[in-house]
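See structure below.
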Amino acid sequence: MTESSAKTPAWPGVIRQYHPLLEIAQDAEPVSLLEGNTPLIPVPRLAKVVAPEIDGDFDLRLKYEGLNPTGSFKDRGMTTAITQAVYEGAQAVICASTGNTAASAAAYAARAGLRCIVIVPEGKIAKGKLAGSLAYGADVINITGNFDEGLDLVREVAKKLPITLVNSVNQYRIEGQKSGAFEIVDELGDSPDWMCLPVGNAGNITAYWAGYKQYHEKGIAKSRPRLLGAQAAGSAPIVRGEIVKNPETVATAIRIGNPARWHEAAAALEESDGKITAVTDDFILETWRMIATLEGIFVEPASAAGVAGLRQLIAQGEVDVQGKQVVCIVTGHGLKDPEIVLKSAIETVTLPPTFEALERFLG
Ligand code: AN7
């Protein structure tokens, strides 16, 4: 190792990498955990299952956002939101969350020395997310309501008390999350033909589209991708065109019935000539298993929804991927939600610790 490489982080984090492109205070000192720079992994075995009719020329890649510091894409937007909050003199931050936003806010608030309050739907967030929020020292408040009610509550709190809201209604979250699009174009040399992702509160689809548009306007990308959004069938307000009062899905991260960035998501879908589809829980779980067993990539169920949506629209003849390059954002790590693995009827076996027993089992 040379002297200089020992001193410089290989990757400086989202803000130091892209600061001039992000509309946050340019003289702010970044609050960073060196988030971003996640791998864009080619998945040829999965591609064959996602598009069984196509032979050969279909380039499918997963952007593995679970490898961010707190295990989800939320860190891209939290570095900017917390950096700006500190810059503006905030002492405390608050969010409502289906889990990942909470864990990310808690970590970045800890790093900045801010108090963090997170509001989560009782019993409806994955254990790894709850554990993260608690470990980072946030005040975790369960509510006997869902995410949408939690978001209404924190909006009121942020209006009435000196506490900064760090849900994706905070524009600085969007600024940081644009970096996902920048990284993809930096690596591929242009936008992919399609980019697929799960849609919950619709902050991420808003941010990706803003990022692609910015790179396109600057001439860094020659083209813009078509966007493919996926919602869970039991909580698919944008697909259905109406608020879902009691959203339900195994993919608890996207159990959201009234997305805050609904309007922006609709605009992104329209401008990109995109599509949005609803996928059933069974189809999400089947796809989630395939991603893990065919490619060794363990994501949380919500993250599989984007891939499931692609698979569904290809099967329905709505999307043609022959000769195309497609990127799916897999938004959160599988270890966030270990319980779903254990609930999914995946069997384990118990044997005495002898060679004979093991040999008999292996056949
Ligand atoms: C793994 O953490 O809303 O459409 O409160 O955790 O930007 O909301 C999480 C959302 C996709 C949807 N995948 O993104 C929260 C929260 C995972 C997620 C989404 C979420 P948005």
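Note that ligands are numbered from 1 as they come in the structure, with each ligand's atoms numbered from 1 the same way.
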Quick one: do [X] and [Y] make a salt bridge, cutoff under 4.0 Å?
| X | Y | result |
| --- | --- | --- |
| Arg115 | Asp139 | yes |
| Glu300 | Lys336 | no |
| Lys124 | Glu248 | yes |
| Arg224 | Glu217 | no |

Is the closest N or O pair between [X] and ligand 1 shorter than 3.5 Å?
| X | value |
| --- | --- |
| Ile256 | no |
| Gln177 | no |
| Thr101 | yes |
| Gly200 | yes |
| Asn100 | yes |
| Ala202 | yes |

[atom]: the protein heavy-atom neighbour that sits closest, reported with distance to 0.1 Å:
| atom | value |
| --- | --- |
| atom 10 (C) of ligand 1 | Lys74 NZ, 3.1 Å |
| atom 18 (C) of ligand 1 | Ala253 CB, 3.5 Å |
| atom 19 (C) of ligand 1 | Ile254 CG2, 3.7 Å |
| atom 8 (O) of ligand 1 | Asn201 N, 2.7 Å |
| atom 14 (O) of ligand 1 | Phe73 CZ, 3.5 Å |
| atom 13 (N) of ligand 1 | Thr331 OG1, 2.6 Å |
| atom 7 (O) of ligand 1 | Asn204 N, 2.8 Å |

Quick check: does any side chain N or O of [X] sit under 3.5 Å from a backbone N or O of [Y], one acting as donor and the other as acceptor?
| X | Y | result |
| --- | --- | --- |
| Glu175 | Glu23 | yes |
| Lys63 | Thr38 | yes |
| Asp152 | Glu149 | no |

Proximity of Arg261 to ligand 1 by residue part, where a heavy atom lies under 4.0 Å: neither
Could you tell me if [Y] and [X] have a donor-acceptor pair between their side chains, going purely by distance under 3.5 Å?
| X | Y | answer |
| --- | --- | --- |
| Thr98 | Thr252 | no |
| Asn68 | Glu35 | no |
| Thr331 | Glu65 | no |
| Glu271 | Trp209 | yes |
| Asp186 | Tyr18 | yes |

For ligand 1, which atoms, with element, lie under 4.0 Å from some heavy atom of [X]?
| X | value |
| --- | --- |
| Thr98 | 2 (O), 3 (O), 5 (O), 9 (C), 15 (C), 16 (C) |
| Glu300 | 1 (C) |
| Ser97 | 2 (O), 5 (O), 15 (C) |
| Pro198 | 11 (C), 13 (N) |
| Val199 | 4 (O) |
| Gly203 | 4 (O), 7 (O), 21 (P) |

Contact check, side chains of Pro259 and Ile238, non-hydrogen atoms, under 4.5 Å: yes
Ser72 touching ligand 1 at heavy-atom level, < 4.0 angstrom: no
